[in-house]
Structure formats: C-alpha cells, structure tokens
Amino acid sequence: MAADSEASAAAVVDHNDADSNLVELTKEEIVSALRDPQMNEVGIYGLEQVGDQATGVNEEVMEIDLLSLISIYNELEDEVRGIFLLCGAYGKSILVNDLLKYVIGLGVFKNINSIDDARQELVKIIGKLKESSLVLDHDERDIQMHDHLGGFAKSIASDHVFAMERTVPLEDWPREDFLRGCSQIILEGNYIQKLPKRLDCPNLELLHLDSTGNRTLKIPDSFFEGMVNLQVLDLVGMVIQPELPTSLVSLTKLKTLCLNACSLGYMTGIAALTHLEILSFFESSIKEFPVETGQLTHLKMLDLSYFQIDDEVILPKILSNLTELEELYMGNLNDLEETCLDQLIIDSIKKLKVIIKVKKCDGLEYLFSVSKINKFFQLVEIEVSECRSMKNIVLLDSGTTIDEIESIPVRSLTLQHLPAINGFCSDGNFGSHDVPTLFPNEKALFRPLRHLKLISISRIMLLVITALSNGMAPLQNLETMEILDCDDLQYLFAIAKKEKKDHKAHENYGGLLPDLRQLHLRNLGKLRSIVGLNHPEGTLGFKMLNQLTIWSCNKLRYVLPLYVLENLQQLENIEISDCEMLERIFGDEDDTQMRKSDLIPHQLTKVKSLILEKLPKFSGCCQDGCMVEWLSLKKVRVVKCDMIQQGSLGMIERPLLTSVEVIECNTWANYEHPEINIIHLFRLTDELSRLEELKIKDSEELRKYMEMELEWSSFRKLKILEALQCDQELTKFLSTILLRRSHELEELTIENCKLLEQVFDLENLASDTLVTRIFPNLQTMRLNGLPKLNYICNNDPKIWGTLELGNLGKLEIINCSLKGPLPTTLVEKLVKLKIESCKMIEQVVEENVEMQGRLFCNLDDLQLLSLPKLTKFNSGHCNLTIPNLQSLRIEKCPELNAFTTGFLSNQITNEMMDACLKLQTLKLVGSKTFEEIWQDKVSNINITDCELKEVEVDSFSRLRYIFPSSMLPKLSEKLVTLVVRNCSSLSDVFQLMSENHSITAFQNLKIVRLKGCDSLQRLLLPCNYPSLTEIDISDCQSLEYIFMDTQINAEEKCFPNLESIVLENLPMLSSFSLEIFEFPKLHKARIVYCPAIETFLRKVLAKVSNFIDKDFSSKSPPFGHGKGRLLPQLEELELSDLPKMRLWNTEPQIPVFEKLTSLKIIGCGSIEKLFSVSVARHLVDLKSLTVYKCESMLHVLHGRGGRRLCRFEKLETLVLKHLPRLTCFCENGLALDFPELKMVRVEDVPNMSTFMPIFMLPLPFWTPKLNEVYVTYVNKYWRGDLNETIKYLHKDHEKLKKEVWKTDQSSPGNSLDRYKGAAESSLQVYADELIS
C-alpha cells in the first residue's frame, strides 16, 4: 500500500520510452541504449541462445541488430577487443585490479614495461569500451556489462575459452580435444567437487579456479603438468598444504600467480618461477613466509593485503633483493609494532610503490615517525581502518616539528573508523589554531594526493586551514573527496585568522581544489559550509568538478558560494538529499550582498541530472536576483521539497528536459498535469529567449517589441542586432530592455536612423555600483547614416569614468554628425577603428593624461576617412603610443596637423618616435599640411623594429620626400609595395644625405608605382631587387633621370623576377639606366610618350651586337637568362609616341621575342623598317601586331628570305593605320604564311598599293581564315584575297578618306600635345578633388 500511495503522489514526465526494444534501434541507438544501467532487457537478436524473451520478431531485423553489434565490435582495436572478451568471460563484473594482473601476465601490452604505465593504458582501453557502450560506466574499481553482452563476448571466444555462469556447479569437464585447444579456463564461484590428476591443456594461458564453495578441494600434485604455456594462475579459496604442488613450481612461463584467500603451508620451490612479475597473497594465511621470494628478481607487484603470517619474519630482508619491485600492498598486520613500518624503508628498491592497508590494529597509535617519513618515498597509498587507538599517521619525535617533513608522496588516503585520531601529524591543532584540524597548514606536503576518503572520523572539525597569501592552495591536485559520518566536522576549509575577508589572494593561489572531480559529503551533522565564514571570493576553485553529492548535512544553508557558479563548467550531476536546513544550492551568508557578476545569469553548460530530495526548507537554486541557466539538463527529480518558489530553479529550454519527476510536493505539485510542475520549477525560455539574430527594419517594428510583455529571459541569447530607420525610441530599447538582458550581444549595427541623437542613455546606471560593464560581450559596433548623432552615450565624463562598453574590438562610425572626441573607456581596448564621412569631428580621442603612452595598446587597424575638420588625433601633447598598429589609412583629412610625436605631426620635437613600431600598411591620401611623414629632425628616432610592408601616399601637396635617410637600413628588409601619386612638391622618394649616397638592397620589394609627381627630377632606386615584379612610373613632368644604384658587381645587374615595366608621359626623361640590366622574366614592357628617350633599346641591341661579334659561345647576352636569348619571356611590348626612338640599331642575330604575343608600335616617327625576316621567324607566338602613325615606316618586314617560308603561325590580328610612306608589308621576295589571321585593318595607308610586291606574287601566300579587311571599326571590304583588297583600297583611297574616314590626319606633334594636355588636366582635377 505504501508503494501505491507513493506512486499516486508522483507525477512523471518522461520522453524516453522505457519499453524501447533493441530490435528497433540502429547501430548508433544501440550504443546509446546500452549506456543505461537500468535497461535490464537487452536482447541481441539473431544470436543463438540470446534474446529468447522476445517473441514475434521479424528474422531480418534480428539479423540486422546482430550485425550492428558485430560492427561495433569490429571497429575496436585488437587490444581493446581482447580485453572486452576477457571481461565477458568473467560474466557481469570483474575488478579492475584483477584485470590488470591478468593483462600484465598475458603480455597484452607489448611495449609497456611498468605497472603504472600498464594501469594507465588499461584505464584508456576501459574508457574506449565505455564510449562504445560495451561495458557500463559504473565505477572506477570494477567493470560491469549487461548479461547478454557477456554472452555475446563468450559466443565470440567460445572455441577457445571455457567459462561457466557463476554459482553453477561443475559436473563434467569439457572434452579432451576442446581442452587441448583451450587458452582460458575461468571457473569463478562454481562448486568443484574434484580436480582431475592431470589437465592436458598445452595452449592454456590463463587458469582461474575459485573454490570458496568447497574449502576441502585439494590440488593433485601433477595437476599442472599439461599446462606448459600457462602465464596466469589465479587460485581462490584453496587449501594448498603442506607445500606447493610439484607441477605448479615447474610452470616456468608463469608471470602472474594469485593465491588469494588460500590456506597455505610451505612455499618451497617458488623460486623456480623465475619469470614471475605479479605475486598475490590477498587474504591468505601462511605458516612461514617463503624466504625464497627474495629470489624472484623480476617481481614487480607483491600483494600482502590482509595477509596473516604465523611465524615472525623480517620483511625488509626479503624485499631488499626485489630490485624490480614497483608496488607493495600491505594490510591487516594485527600485531604491528610501532617501528615496523619504519623498518620497511628499503632504499635499494628504487621503483617500489608501497600501498599500506592497516585494519583492526587496536594497539597502534601511529604509522610513521617524522624522522623516517622523509625516507618513505615509495609510499603511494595509505588505508587505515578500525584502529581504535590510532591518534596520528605521523608522530613528531621529541624536538622535531612539522617543518621537517619534506613531502608526503601519498596519492590515495583512506581513514575510516578511527575514533581517537586528532590529526595527520601529532602536532595536534598545529600551533595557533584552536580547533582539531586534520592536515597541517601552510605546507605543500600533500601535493601528490589525488584521492581522499574519510569515514567516521569523529574528533576532526576542519580538514585544513589555508592562508591565501602563501601562493599555493593545499590539496591542489585532489581529484576525489568522499567524507561520510564525520560527526564533528564543521568546515572543510577555513581561512587563517590573520587574513580578513577583503584580503587579496596571492597571484598563484588558484583557489582550493582546482582539480577536484568528485565531491561526496554524507551524514555530516555539524557541517555548516565548505569554507569557513567571511572568506574572500576566489577561495574555492572547483573548475573541474563533475559530480556533487550531498546527503544528510543538516546544518547546511547552502552548498556552494555564489562566486563558484562561474567555475562549474564541467559539472554534470548534482544530487542533494535529506538536508533539513538547506535553502539554496548556491548562496552567501549575507543574502543582501549582491555581486556585480550576479546580475548576469550564470550558465551551467554540462549539468545533465539534478536530484533534490527531502529538503523541507529549500526555496530555489540561488538567492533572489541571481539566476542560473541550464544548457544541458535532461533529468530532474524533486521529492518532498514543499518550499520551492515559482521559477526558482532557473532558466531552461523546454525541449531539453527528457524526464521530470515530482513526488510528494503537495503544496505546489499538480499530479494530473505534470507540465504545470515544469512551469513551476523553471522559467521556460520563449521564442525571443532563443533568438540569436534580430533585424529591426523600422520604427514601427521597434514599437512592437517595446510594447510586448517580455519574459525575463527574452533576448537572453541575442548575439547580433541590426536596427534600420528607427527613431529615438531605439535609445530606450537598448538602454532599458536589452541592457540587463542581452549579455551575449556581440555585434550591434545601427543604420539610417535620421532622428537618433545618442545610442545609449546610461544616466540611471552611473550610480549603480553593481554595474561596471554594459553589454559585456559586445565586440563589434557599426554606426552608419546617423545625421543627428551627437554622442554615443551621455555627454557626462562621470558616466564614462565608471562604465565600460563590453569587450569592444571593432568600432565603425560612418556618415554621422558625431562631434567627438570619443571617450577613452570606449576605445581603449579597440582592435579596429574606422571613422568616415563625419563632417563635424575635430578630434578622435579625448585627452587623458593617465593614458599617455599606452592608449590603444590593442589597436591594429585604424582608418580615418573623409573628415574635413579633423585637426588632431587627441588633444594636448600628441605623444600617443599605438604599439601594435599594423594598418593605418588616413584619407581626405586636409586639416590634420598632429597625429603623434614624430609621425604626421607639424610639431617640432626631439622625443623618440616609437608610436607605431609594428606598422605594416600605411595609406595616406589628401593632405595640404605635411611636408614630411616621418620627422628626420628627431635625432634618436627608433626605427630598429620597422615592419613597413606597404606604403601608399596620394595627393600630399606639400610633401617633400617619403622616407628620411635614417629609415632606409631597416626599411629595406620589409618593404614590399611602394605607391606614390599626385605629390606635386615631392623632390625625392628617398631622402639622401649626398649625391653619392647609396641605397642598400630592398630584398622584398615587389612593386614600385609613381604618378603625378611633377617636382620630381630624379629617381634613385636601390640596387639588386631580387623580388621586384613591377615598375610603373607615369605623369611626372619634370623627371629627367631614373637611376639604379649601380654600386654593385656586374654579375649582380639583374632583375631576376621583374615582370612589368611601364614608363608613361615622362616628357623630360632622357636617361634610363635600366639598359644595363638583365630581365629574364620580363612579360610586359610599355613606354608611352617619353619623347627624349632614344637610347634604351638602341644601346641594348648595340650591346648584343658587340657581344655576338666578340664571343657568342662563352657569355650570356643582356636581358637573357639563357645562352643566346633576348627578352625570352616578353609577351607584351608597346612603344608609343617616341619620335626619336629607333627599335633596332644593329639587328640581333640571335633568337628574340620568342614568347611575344602583342606588339604595338605607335607614333614612332624615326622607325623605317620594323624587323627583318630573320627576327620574324622567331615570333612564333605573336597574335597581334599594330603599327600606327609611324611617318617614316616603309616596310614592316625587310631583308631577303629566299624561297624559305616565313610563317606567322599564331598571328590573328594585323592593324596598319596612318602610315603615309608604307608601300607594302614586306620588302623583298618572301613566301608568307598566315594560317590564323582573321582580322586585318588598313586605314589611311595611301602608298600601299599591294600587300606584297608584284614580283613576289608567284611565291606562296596563304591566309585561309581571312575573308574581310576593315577600314574602320564597322566598314569592311573584300575582293577575293588580301592583295586584291589592298589594291582596291589604294585605288579608292581619296574616296575613302572623304566618305569613310572623314578626318584629316593630324601631325604627330599635335597628337602628342593633345595627349599631354589631357593627362595634365585629368591629374589636376583628381588632385583638387582629393584635397578638397
């Protein structure tokens, strides 16, 4: 009846189908289902003798389920499979320590030699089995699996493993042929009537016989003779007297021997087991401990736990010979003398790890003396239980102090049922403290301790008293803590009296228990708090806490302080039960004290299970004003908690909950409608609560949100907000509704809000000491098109002096009427700042004396664009430091006169300039104030760390030079791109101290572009550009000389990677020293309107000619990178408006222009013949040829070719325009072939009567794809072939000139004048526009 009553008072909401049958599950669902230890009906259908409970199941589905499980098994690694099969052979469970002994004996881990390494590897493999759900995630001490999974494992190994279900009597042994192939025999808990005299199992590796059901069972002397390969022998509950069987001591391959709970006689002959690594006498009794054990020199583990010795022996003498011993287990030494454990200090065993277990030693008062504990470096585990006289673990000798203990290496400490204990050491209360404390204070003695278990330690009131100023928290590596039935324990930790609540912790303190994973507290009737009263925030760590269990702690009002909430990101399970006074899970002694961070809901990201039972005063998760948000909570159980307030457990999304159980909460529970109980317990998030992105299109939509009845959780997850065309109500929406809710807001964009005067109104928050940061996660803010915006926030320095705007990293202000300057607190953490088209702003940052020299320490990208009234960056002295600035753009800020000391400043200073040491990209456009960018007057200018890679300067009308001479040494190592445009006063790019000044090599420079620098008369470029790819110089009216620094060796005069040269509109340029360099990779050459140049190609070709005449075989020509090649990679060549230029002086007799695809010769009045037949035969890639306005041109081709064919294989386009003296394409007899020629344009060529001379017509002349000749872009003619068409055009030339072309040919001089005038006019308009 009681059960029925409880069931009737219960209300359950469960979305998991408890009756789910494995037959319906996929492979992934099988893995998930097997993780539930409550799932008892696990059927593996399709496996013989497994899953017989199921009826009426489709055979095909059965087979699929079995295959799915086999697939999971097959995905395991070999070692993992072997251990899974071994676990399955043992049935439902096996102890991890036993499994470790077996796998070491079987040699499962091939490359692991130490016990501890093997243990760690085994833990990893068990973890993999748990991940695959082939074993249950139950306990660290044993491995459990579903019965049918054990059957599945047995079925796989059934051909070589003999194992029976526990408690089933062994009636008959298997057949002899099976035993001969058997590798494992496991009989645990099976009644064995009698053993055969001899068991013939030559392949047997593991034998486990448990005879606790038949204590009279004896082992025949020859029983083991047929087991020559046995490696693991585990005998339990046997009577082995008077001595070991002869056949046992002959097992020379045996590595693990466990004689547990056995009655042993004499162990004569055990020394013959020379390969033995593990020996266990757990809970066994023996008449005489075998001295021969000292001869087992390979022994690594010796287990003497609860081992009874009838004869007194001296263990150290025996153990000292076991030099490979790593682990020693001892316990239940009933007649232990005071000094016995001191005698166990064995210096000769360096690898030894001692594990001591002492039980029911009522005469024992301590374990160690302080003089010996420092030598006991092998000790890793202590377990002391039921020793009624035990006062201390360590005794302080007369005249000794706790300070003499160097360290205690124990990793695991268990103390239980010790009614007389008053401390770990006999120093009692450790000096000044007046309460019994377990561990000494202010000592890092227990740094290795990982596991602590205390049961029924009644006299201890504190675990440890810690001092925050020490810099090291006690028990800092502890992972599990279990404390039960300690009646006098009041606090786990207390703060030293000398340290007050506001005492500042040492920077290395880190908090108590930073690595604790599991905390279990049970039946602690006087426990008031984890940490004593008035402790500072940060005292507790708990950052790794995973499991929290509190039972029957009746004095607790809260479990953990509020500040710990921020640390609990690994917590998964909370269980609290039978705590009469508990009011909250998280709280403080003074509920009225709210912290600033408590205004932000605390997220518990991994908690999956919450159990609250029998808590009569429990009202909620936290105190009023603080909120918890559960992000992973699935299962909730609430029993007899009548005082829980509405929504007090915190916030959650309803779909997360899969099971909510409410039992006997009669004051508020609704058992007919369980969903109501969920609404009572939690604040359910609505659609707005899940919203992460919001776009408000106009004021009407904004009003809808402001008029809504919003939940406390609304907009809680909002990360991105975009507001468009909103009125002044937007300020209210941001400042009153979102400010206290949207703590996750990361990106805010406000555009085209014509009436908005300020973004935030924080006047009411300025006096609230709990608020110091608004929108704490805000990273990006964009303000665009706000013509009435005066301020981002209230124009009150007091407000900005106390409030910060998130973690703002990126700020953009575009087209706003913002007057500035911006508050320091708003922008001091910025990474990117962009201000554009703000016509009223005069200054960017307010003056702040405290920030001088360190403002903008994070800023790496700064853009100031189109700010016509901007005069300075900050007020006062401009010694601003932006140490990490990498990119700077200042464009169209004509009034700017002070950026920072020594850089873009007209203030004369002698201070060192180090404001922008990491600057990589600099773009400056439109200024009429600066004569220099970097002041070279600064005598101690710091340019040792110059990082400049890209420099672009445009329309700086007063600028005299770009780089001062002092910058050149370091600049040459980093600079990649240099662009200078429209700097009309520029006289030098590089400031040189003298005419003989040499510029060092620019190793990384790739691009040089200069345009519109009319005062520039000479340009000295550095030597040896190994990376240079482009030179582009144009519209520099006064430029006369382009010099390369020639102070280098002749063999270094090469541009190995130069791809493009452009020289355009340089009317005064007469000297160009590039002619002495080589260009093996040049792709493009363009020389336009440089009328004074007449030496470039002429001298080059002259040099080639001289070279050929002297010695062609031993040297490489200029411009080449291979023997006998001229400009081997050139693809585009344009020579335009060069009246003095002659292409060839002496035509080369080597391959030339082999990759040329486009050739344009325009306005070159001195060229009579373009190239010879020998050159033409190398133009195999030429696709386009244009000859235009060359008044002296007589022929394109000249020279004799005989009857050898001249083939223009790829030529597609041929343009001949305004060539008054041209008579025909080629001069002499020559066979021509144009297989791809498709487009020919002939315009105003009055003297060309035929394409080829009349006397050449009998020679081959082929244009298969040509069927038209253009005379304009539109008009075209065709008279059967090219020659006939040219004849026709010549005959009607005057008619075409009047009717088709309709223009008079202008002279070259007039053409060049028009080009020059148009260029100058265009540049002037562009410069004026930028400056204005």
Side-chain angles (χ1 to χ4, degrees), residues 3-20 29 32-33 35-39 546-551 559 565 568 571-579 582-586 601-622 626-687 689-690 711-713 716-717:
D4 292 340
S5 174
E6 183 174 340
S8 65
V12 179
V13 177
D14 196 341
H15 294 283
N16 290 329
D17 186 359
D19 297 326
S20 294
E29 291 170 328
S32 178
R35 289 177 179 164
D36 187 357
Q38 303 300 322
M39 185 173 289
N546 180 266
Q547 305 277 342
L548 176 63
T549 304
I550 310 293
W551 284 8
V559 179
L565 266 169
L568 302 178
L571 187 62
E572 293 187 6
N573 298 291
I574 300 175
E575 182 176 353
I576 306 174
S577 179
D578 291 290
C579 297
L582 192 77
E583 299 175 8
R584 291 173 297 278
I585 302 176
F586 307 100
H602 300 278
Q603 294 181 339
L604 293 176
T605 58
K606 293 187 177 181
V607 176
K608 298 176 182 177
S609 174
L610 175 64
I611 298 175
L612 305 170
E613 295 187 357
K614 301 177 183 178
L615 308 174
K617 292 191 175 183
F618 185 78
S619 61
C621 188
C622 304
C626 180
M627 182 63 62
V628 170
E629 183 175 9
W630 310 87
L631 301 185
S632 302
L633 189 62
K634 295 182 178 180
K635 297 183 179 180
V636 178
R637 177 180 168 88
V638 181
V639 179
K640 293 185 178 180
C641 298
D642 286 339
M643 301 299 291
I644 292 183
Q645 301 298 312
Q646 177 84 30
S648 62
L649 289 191
M651 298 163 50
I652 194 170
E653 292 185 16
R654 177 64 186 89
L656 287 174
L657 294 169
T658 59
S659 176
V660 178
E661 189 176 7
V662 176
I663 300 175
E664 294 189 50
C665 298
N666 297 323
T667 59
W668 55 269
N670 188 314
Y671 304 115
E672 294 182 358
H673 303 285
E675 199 71 28
I676 296 177
N677 296 331
I678 298 176
I679 297 174
H680 180 85
L681 292 172
F682 297 98
R683 294 186 179 186
L684 301 181
T685 58
D686 55 10
E687 182 178 353
S689 302
R690 295 187 292 273
E711 296 290 337
W712 193 90
S713 60
R716 275 280 296 110
K717 293 189 175 182

query = Under 4.5 Å between any side-chain heavy atoms of V662 and P674, yes or no?
reply = no
query = Can you tell me if S632 uses its side chain to pair, donor with acceptor, with the backbone of T605 under 3.5 Å?
reply = yes
task = Test E661 against K635 for salt bridge (Lys or Arg N to Asp or Glu O under 4.0 Å), laying out the working first.
result = CA-CA 8 Å; E661 189 176 7; K635 297 183 179 180; over 6 Å; no
task = Indicate yes or no: does E572 engage K634 in a salt bridge with an N to O separation below 4.0 Å.
result = no
key: Rounded distance (nearest 0.5 Å) linking atom SG of C641 with atom CG of L615   = 4.0 Å
Stepwise side-chain contact (heavy atoms from CB on, under 4.5 Å) test for S689 and K717 = CA-CA 6 Å; S689 302; K717 293 189 175 182; over 6 Å; no
query = If every non-hydrogen atom of L571 is compared with every non-hydrogen atom of N546, which pair is closest and at what distance?
reply = CD1-O, 3.5 Å
ask   = Any donor and acceptor pair, going by atom type alone, linking the side chain of Q645 with main-chain N or O of M643 inside 3.5 Å?
value = yes
key: Any donor-acceptor pair under 3.5 Å from Q646 side chain to I679 backbone   = yes
query = For K640, which residues count as a salt bridge (Lys or Arg N to Asp or Glu O under 4.0 Å) partner, sequence neighbours excluded?
reply = E664
ask   = Would you find a donor on one side and an acceptor on the other, under 3.5 Å apart, between the side chain of D642 and the backbone of N666?
value = yes
ask   = Is D578 reaching over with its side chain to a backbone N or O of W551, donor-acceptor style, under 3.5 angstrom?
value = no
ask   = Given the rule in the side-chain contact (heavy atoms from CB on, under 4.5 Å) test, do I652 and L684 qualify, once you have shown the distances and angles that lead to the verdict?
value = CA-CA 5 Å; I652 194 170; L684 301 181; 3.8 Å; yes
task = With the side chain counted from C-beta on, respond yes when I576 and L610 share a heavy-atom pair under 4.5 Å apart, and no when they do not.
result = no
query = Quick one: CZ on R716 to CE on M627, what's the gap to the nearest 0.5 Å?
reply = 9.5 Å
query = Aromatic rings W668 and H680: how do their planes relate, parallel, tilted or perpendicular, breaks at 30° and 60°?
reply = parallel
ask   = For the atom pair CG (L631) and CG (L656), what is the distance rounded to the nearest 0.5 Å?
value = 8.0 Å
key: Any side-chain heavy-atom pair of L568 and F586 under 4.5 Å   = yes
message = To check you understand the geometry: which heavy-atom pair defines the closest contact between L649 and F682, and what is its length?
response = CB-CE2, 3.7 Å
inquiry  = Are the side chains of I611 and V639 in contact, using a 4.5 Å heavy-atom criterion?
reply    = no
ask   = Would a 4.5 Å heavy-atom cut-off, applied to side chains only, mark V628 and L604 as touching?
value = yes
message = To check you understand the geometry: which heavy-atom pair defines the closest contact between P616 and C579, and what is its length?
response = CD-O, 4.0 Å
message = Would you compute the distance between atom CZ of R637 and atom OG of S609 and round it to the nearest 0.5 angstrom?
response = 10.5 Å
note = CD (Q547) and CG (N573) are apart, to the nearest 0.5 Å, by 4.0 Å
Test log, rule side-chain contact (heavy atoms from CB on, under 4.5 Å), inputs C665 and I644 = CA-CA 9 Å; C665 298; I644 292 183; 6.0 Å; no
message = Run the side-chain contact (heavy atoms from CB on, under 4.5 Å) test on I678 and L681 for me, step by step, so that the C-alpha distance in whole Å, both residues' side-chain angles and the decisive distance to 0.1 Å come before the verdict.
response = CA-CA 5 Å; I678 298 176; L681 292 172; 5.9 Å; no
C622 versus R584, closest heavy-atom pair with distance = C-CD, 3.2 Å
query = Shortest non-hydrogen contact from C621 to W630?
reply = SG-CZ2, 4.0 Å
